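Okay, so here's the structure we're looking at.
This one's a predicted model, so the numbers in the text were calculated from it and none came from an experiment.
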Amino acid sequence: VADLEQRIRELARARLAPLRDQLHFDFAADYAAALPNDVVCEMLGVPADDWDQIRADADQLNQHQDGSDERGTNAVSAALRLANYFTALVTDLRRHTGDDLTSGMIRAEVDGQKLTDSQIVAFLFLVISAGNESTGKTIGNAWYHGWLHPDVQRVGLKGRAEDWATETLRYDSASQMVARTLTEDTAIHGTPLKAGARIAILPASANRDERVFPDPDRYDLDRDTAKLISFGRGPHHCLGGALARLEMRIALEEAGALFSGYEIDLRNARRVHSPHQRGFASLPCSVTHRARPATA
């Protein structure tokens, strides 16, 4: 992952390039959501011309109908388009493998057996949805809290991007909950639970546990965040956690190199409608650009 830093920085700058002369743009749609998607698509061998369409469909996957637990018709259509696209991608890469992750899975063997197209396509769905949604939403959440806390915005844009991203992971992580099935009888805080029980785990709540984080409802870049569990623990630790952290830091660093300040038009901002993701689908903002060095 560390070897990807320079390339991620190049992709961040490419997404920021059209915004260099703009005073108003949508931080969530134009940048925060786009960068992680670009990174993951490139890793998977998706041609650059298709990145924006992949993101548009991935954004629809977890959208739900108002007042319902059911996915909307747009989500179903997006899933079908992605399934068809990934199937065609795997077929093409089987004929012309490269150095991307999908080609690596095509060449790989598990217990002496090659992975099937269905197995690879299922993994592509996982990586595309998990690899860009939470990361992009958390970058947007950091931008939002920088607007709410001007001191955070000031120091964050001036070099404390990593602290800014990490405290956002603790205070307002995009990933709110996960479901698990207990494999054995256990007790949690004195409540007995049977093997096979389905439980909801709320890492977003745990990150506000006052027994671990003093004054947990205060957004503080100086706090110790070593025990945050936004990426899970043990065998369920997020596979892309290190990549997500790197993308968040670079996204905010590169934004800080271009902008000295910003305001958010909250009246026109729009949050995602998802049962487990928290963040913005749209986050319109106005920015103040840093002075550019004079050219000779």
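- In the hydrophobic clustering of ILVMFWY residues, with side-chain heavy atoms under 4.5 Å counting as a link, L101 and L126 come out together.
- Residues V90 and M105 fail the side-chain proximity criterion, which asks for heavy atoms closer than 4.5 Å.
- Looking only at distances, no side-chain donor or acceptor of S103 sits under 3.5 Å from a matching main-chain atom of D99.
- Hydrophobic clustering (ILVMFWY, side-chain heavy atoms < 4.5 Å, transitive): L266 and L148 are in one cluster.
- Between Y171 and N207, the side chains place no donor N or O within less than 3.5 Å of an acceptor N or O (distance only, hydrogens not considered).
- For W143, the ring pair (Phe, Tyr, Trp, His ring centres under 6.0 Å) partners two or more places apart in sequence, or in a different chain, are F27, Y262.
- When atom types are taken as modelled, the side chain of K227 and the backbone of V212 share no donor-acceptor pair closer than 3.5 angstrom.
- Because its NZ or CZ atom is both nearer than 6.0 Å to the ring centre of Y144 and within 45° of the ring axis, R271 counts as a cation-pi partner of that residue.
- A donor-acceptor distance shorter than 3.5 angstrom exists from the side chain of N84 to the backbone of L80, with no hydrogens or angles considered.
- No continuous path of hydrophobic side-chain contacts links I201 to L169 [ILVMFWY only; heavy atoms under 4.5 Å].
- For the atom pair CD of E247 and CG of L11, the computed distance is 9.5 Å after rounding to the nearest 0.5 Å.
- No side-chain donor from either of W147 and Q153 sits under 3.5 Å from a side-chain acceptor of the other.
- Using a 4.5 Å heavy-atom threshold, the side chains of S286 and L23 count as separate.
- Residue pairs meeting the salt bridge (Lys or Arg N to Asp or Glu O under 4.0 Å) criterion with at least one partner in residues 156-168, sequence neighbours excluded, are R160-D163, R160-D222, E167-R170, E167-R223.
- With Q22 contributing its side chain and P18 its backbone, the two residues share a donor-acceptor pair below 3.5 Å.
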In sequence, state the C-alpha distance, the side-chain angles, and the governing distance for V272 and F280, and then conclude on side-chain contact (heavy atoms from CB on, under 4.5 Å).
CA-CA 5 Å; V272 295; F280 293 91; over 6 Å; no

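- Placement of V178 and L193 within a single hydrophobic cluster is found when ILVMFWY residues are connected by side-chain heavy-atom separations under 4.5 Å, directly or transitively.
- A distance-only check finds no donor-acceptor pair linking the side chain of T288 to the backbone of S260 [under 3.5 Å].
- For F259, the ring pair (Phe, Tyr, Trp, His ring centres under 6.0 Å) criterion is met by F25, H289, not counting sequence neighbours.
- Contact of the L4 side chain with the M43 side chain is registered, since non-hydrogen atoms from C-beta on lie closer than 4.5 Å.
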Derivation and outcome, side-chain contact (heavy atoms from CB on, under 4.5 Å), residues R245 and T135:
CA-CA 8 Å; R245 284 181 178 273; T135 305; over 6 Å; no

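- Taken from SG in C285 to CG in D265, the straight-line distance is 9.5 Å, to the nearest 0.5 Å.
- From D100, atom CG reaches atom CG of L93 across 5.0 Å, with rounding to the nearest 0.5 Å.
- Residue F231 is grouped with residue V1 when hydrophobic side chains (ILVMFWY) are merged at heavy-atom distances under 4.5 angstrom, including chains of intermediate members.
- A donor-acceptor pair under 3.5 Å is formed between the side chain of T102 and the backbone N or O of L44.
- Closest approach of V152 to G146, counting heavy atoms only: CG1-CA, 4.3 Å.
- Taking 4.5 Å as the limit, some side-chain heavy atom of I128 sits within range of a side-chain heavy atom of F86.
- Checked for salt-bridge contact, R94 and D117 meet the test: a charged N lies under 4.0 Å from a carboxylate O.
- Checked by atom type and distance alone, the side chain of S134 never pairs as donor or acceptor with a backbone atom of A130 at under 3.5 Å.
- Atom OG of residue S129 and atom CG of residue D59 lie 11.0 Å apart, to the nearest 0.5 angstrom.
- For the residue pair I229 and A206, the shortest heavy atom distance occurs at CD1-CB, 3.5 Å.
- Among pairs with a residue in residues 253-262, those fulfilling salt bridge (Lys or Arg N to Asp or Glu O under 4.0 Å) read R9-E253, R9-E254, R13-E254, R249-E253, at least two apart in sequence or across chains.
- Between H145 and Y219, the ring planes lie parallel to each other; the angle is under 30°, not in the 30° to 60° tilted range.
- With sequence neighbours excluded, no residue forms a side chain to side chain donor-acceptor pair (under 3.5 Å) with T91.
- A donor-acceptor pair is defined here as one N or O able to donate and one able to accept, closer than 3.5 Å; no such pair exists between the side chain of T225 and the backbone of L228.
- Taking every heavy atom of both residues into account, A108 and K114 meet most closely at O-CD, 3.4 Å.
- Within the 3.5 Å criterion, the main-chain N or O of A195 finds a donor-acceptor partner in the side chain of D185.
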Using a 3.5 Å cut-off and no angle test, enumerate the donor-acceptor pairs between side-chain atoms of residues 29-40 and protein atoms at least two apart in sequence or in another chain.
{"unit_1": "D30", "atom_1": "OD2", "unit_2": "D26", "atom_2": "N", "d": "3.1"}
{"unit_1": "Y31", "atom_1": "OH", "unit_2": "A251", "atom_2": "O", "d": "2.8"}
{"unit_1": "N37", "atom_1": "OD1", "unit_2": "N132", "atom_2": "ND2", "d": "3.0"}
{"unit_1": "N37", "atom_1": "ND2", "unit_2": "W51", "atom_2": "O", "d": "2.9"}
{"unit_1": "D38", "atom_1": "OD1", "unit_2": "R15", "atom_2": "NH2", "d": "3.1"}
{"unit_1": "D38", "atom_1": "OD2", "unit_2": "R15", "atom_2": "NE", "d": "2.7"}
{"unit_1": "D38", "atom_1": "OD2", "unit_2": "R15", "atom_2": "NH2", "d": "3.4"}

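- Among all heavy-atom pairs drawn from I54 and C41, the shortest one is CG2-SG, 3.8 Å.
- Checked by atom type and distance alone, the side chain of N141 pairs as donor or acceptor with a backbone atom of D172 at under 3.5 Å.
- More than 12 heavy-atom neighbours from other residues, nucleotides or ligands sit within 6.0 angstrom of CD1 on I199.
- The NZ atom of K137 sits 15.0 Å away from atom OG1 of T168, with the distance rounded to the nearest 0.5 Å.
- Side-chain contact between K194 and L182: absent, with no pair of heavy atoms (C-beta onward) separated by less than 4.5 Å.
- A 4.5 Å side-chain heavy-atom check between L258 and R290 finds every atom pair outside the cut-off.
- Going from atom OG of S205 over to atom CD of Q176 covers 9.5 Å, rounded to the nearest 0.5 Å.
- Annotation: side chain of I106 is in contact with side chain of I120 (closest heavy-atom distance under 4.5 Å).
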